[in-house]
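Working notes, beginning with the structure itself.
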Amino acid sequence: MGEPCAVIGVGQTEYRTKRTDVSIAGLVREAALRALEDAGLTFKDIDAVVIGKAPDLFEGVMMPEAYLADALGARGKPMIRVHTAGSVGGSTALVAASLVQAGVHDRVLVVAWEKQSESNATWALSTHPPLSPTIVVGAGGYFAPHIRAYMRRTGAPDHIGTLVAVKDRQNALKNPYAHLRIPGISREMVESTPMLWEPIRYLETCPSSDGAAAMVLASESAARRAPNPPAWVHGTAMRSEPIFFAGRDTVSPQAGKDCAADVYRQAGITDPRRELDCAEVYVPFSWYEPMWLENLGFCGEGEGWKLTESGATGLDGDIPWNASGGVLSSNPIGASGLIRFAEAALQVRGLAGEHQVEGARRALGHAYGGGAQFYAMWVVGSDRP
Amino acid sequence: MPSEPSDRSEPLVAEHVLEFPGGYTRSVGPVIGRFLTELRDGRLVGVRTASGGVLFPPAEYDADGEAVTDEYVEVGPGGTVTSWSWVSRPRATHPLDRPFAWALIRPDGADTALLHALDVGTFEPGADPPRSLRTGMRVRPSFRAERTGSIRDIACFRPDVTMITAPSRAEYRLNAGRALTRFLDGVSEGRLLGHRCDVCGKVYVPMRGLCPVDGVPTTEEVEVADTGTVTTFAVNNIPDPRAPQVPFVSAYILLDGSDISLLALVAGIDADRVRMGMRVKAAWKPREEWGRTMENIRWFEPTGEPDVPFDAIKEYL
């Protein structure tokens, strides 16, 4: 894993349907400046900038990293753009961490963002190219059949997705940055919303958000001088697999299992449910909580929905998932993975505010993207590994 | 019909215009005169009151009747809407010929507001006010090119620029490549073609010319049936131009003889009756409408055969 690496600064913007009060550059700066403030640094102290976002078609700005270099104080410094679809926020953090772990840089600024209000993600993901031998029906239309397959395979009752939709939105009420803040959110409220892509209801999906998140990653010597407690990186892993191949398990993809096994091995974790204190996991459709509980080894196959139903993943459960409200409550797509990684860091730094998991010392950050084919994960902890 | 009695005839009506020829002349005095002179030069000025505030537009006296000082203060041009009233059907004498707002606008640096027309865009007559129109909105005057020293030197106020549209368009010439061209050639003849991998023996329909698992080129052509089994599906309630109606079903269909399912529409059955394991058959368009496109198959429809048990499809999910 190389040299030690720590998160010494975290910055987030308010996540909203439309951040019309700022430009794209203003949005990324808002997150970056907050992360620098947390780290007690300025742009001058930064050695390199790593930036991530989802497809350029979302905002129609080709290679936005070139235009954002000045806004992020990157003039005269290395700047790298990362793109791995929805998992990009996670893999952007991992590219930045690798620059520190390799001993190349001491302080790396990592920023990820999306300004979904500038177009429409469903349009951008369903461009209907000619000659296509198969249909494309947006992200919800893509994932709904796989959720149905999970339900059929495990015999999970219909209401499990509703439980997650309520739980994550209740958590969001404790997170001042969260986009969807629905007072009085309840099962009845979720169940009364229409099926968009059955079996996915409206309130069982993520919102479309504008927003950015940033972190400052530091070497050990730089982390020792940081004003606030660091979150140490205990393990990092990325995996990918093709979207279509014969024999693919689309419900619990092998790449996700391999990625989890790798990151746990680095962190010395053999029983994630017991050895982790909380997790921030990419759950854009509520059913993905029980699906990822199994894929990430928090329980046996077919047991994920039971764990969700038992309340174990609630803020007061034994393994809280998405204490921040998760992707179901805020979804600036390119930033969503980085937010998971950053929220995991905030938890082990003891800086998560009202949604702090009491005594959290080790946390998982997770992101996935494409047709559940790209994975990025890290484990962070209060103690230097 | 009997005629109306004479005492119920229409009253006599005539048009009458009262307009002093050439318009009234008004001496504006030194204070308003200064205001109008500055306006002609494209500037907004207010006047300092005895109590230290800035009165805009200026007058000889402030609201308490106290004389103002002789200190003129440039204000604006940016300002804030403090109140407004929507005019959905403008009259002939109104400054704009489309729906607009009368607004009280307080320029930056002034303590009082000016009433003027606020143009917030193009709307049909009778339109409701746009949601963007609100107290607190930031606006600027739009000066006429030819100014004479009149309040009408300001054509209207307009909102600050907060959004632009950025049209962009990319045009591509897509090349299907050999494998997809061959597949679509087959479809143009009503045949569904695939490739069998030499290494794993799996059949891919449509073929891609490679096996994504073994990483080897594939060449062995296999023709498969246009019948298959629904492995899993979504019921879509968001309209799509390619679907016959809402709700429509998009389903993974494992064609008989293929080892990988294909996402396609299922129709000819109510959406709530589609099942995992349901047997389906391609619904081809009339042969004379066929081309080198998968659109030759409108969608897949139930065959009426018994469902396939879950155990037989669970490896394909």
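The chains referred to below are lettered A, B, ... by the order of the sequence lines, with proteins before strands, and numbering in each begins at 1. What's counted below: heavy atoms across the whole structure, side chains too, no hydrogens, waters or symmetry copies.
With a 4.5 Å cut-off on non-hydrogen atoms, B:Tyr172 does not touch chain A at all. For chain A, no part of B:Ile297 is nearby; none of its heavy atoms comes within less than 4.5 Å. Using a 4.5 Å cut-off between heavy atoms, A:Thr122 does not touch chain B at all. Both the backbone and the side chain of B:Leu174 come within less than 4.5 Å of a heavy atom of chain A. Heavy-atom distances place the side chain of B:Leu184, and not its backbone, under 4.5 Å from chain A. The contact between A:Tyr142 and chain B is made by backbone and side chain atoms together, counting heavy-atom distances below 4.5 Å. Interface residue B:Ala176: backbone and side-chain heavy atoms are both found under 4.5 Å from chain A. For a residue to count as touching a neighbouring chain, one of its non-hydrogen atoms must lie under 4.5 Å from one of that chain's; by this rule B:Phe233 touches chain A with backbone and side chain alike. Both the backbone and the side chain of A:Pro130 come within contact range of chain B, each with at least one heavy atom under 4.5 Å from a heavy atom of that chain.
In this structure, B:Tyr204 contributes its side chain and A:Ala246 its backbone to a donor-acceptor pair below 3.5 Å.
Remark: A:Tyr202 OH is loosely packed, at most 12 non-hydrogen atoms of other residues, nucleotides or ligands lying under 6.0 Å away. Atom CG of B:Asp160 has more than 12 heavy atoms from other residues, nucleotides or ligands within 6.0 Å. For A:Gln254, the CD atom counts as densely surrounded, since its 6.0 Å shell holds more than 12 non-hydrogen atoms of other residues, nucleotides or ligands.
Note: B:Leu180 leads B:Thr293, B:Asp259, B:Leu180, B:Val187 in heavy-atom pairs under 4.5 Å with chain A. Top candidate by heavy-atom pairs under 4.5 Å with chain B, chosen from A:Glu198, A:Glu241, A:Arg148, is A:Arg148. Counting heavy-atom pairs under 4.5 Å between each of B:Lys202, B:Glu315, B:Met276 and chain A puts B:Met276 at the top. Interface remark: of the candidates A:Met195, A:His128, A:Glu118, A:Arg248, A:His128 forms the most heavy-atom pairs closer than 4.5 Å to chain B.
Closest heavy-atom contact between B:Asn236 and A:Trp197: OD1-CD1, 3.2 Å. Between A:Phe244 and B:Pro212, the shortest heavy-atom contact is O-CG, 3.5 Å.
For the atom pair A:Arg153 CZ and B:Leu317 CG, the distance stands at 6.0 Å (nearest 0.5 Å). In this structure, SG on B:Cys197 lies 13.5 Å from CZ on A:Phe245, to the nearest 0.5 angstrom. With rounding to the nearest 0.5 Å, the separation of OG1 in B:Thr231 from CZ in A:Arg152 is 12.5 Å. Here A:Leu131 contributes atom CG and B:Asn175 contributes atom CG; the two are 8.5 Å apart, rounded to the nearest 0.5 Å.
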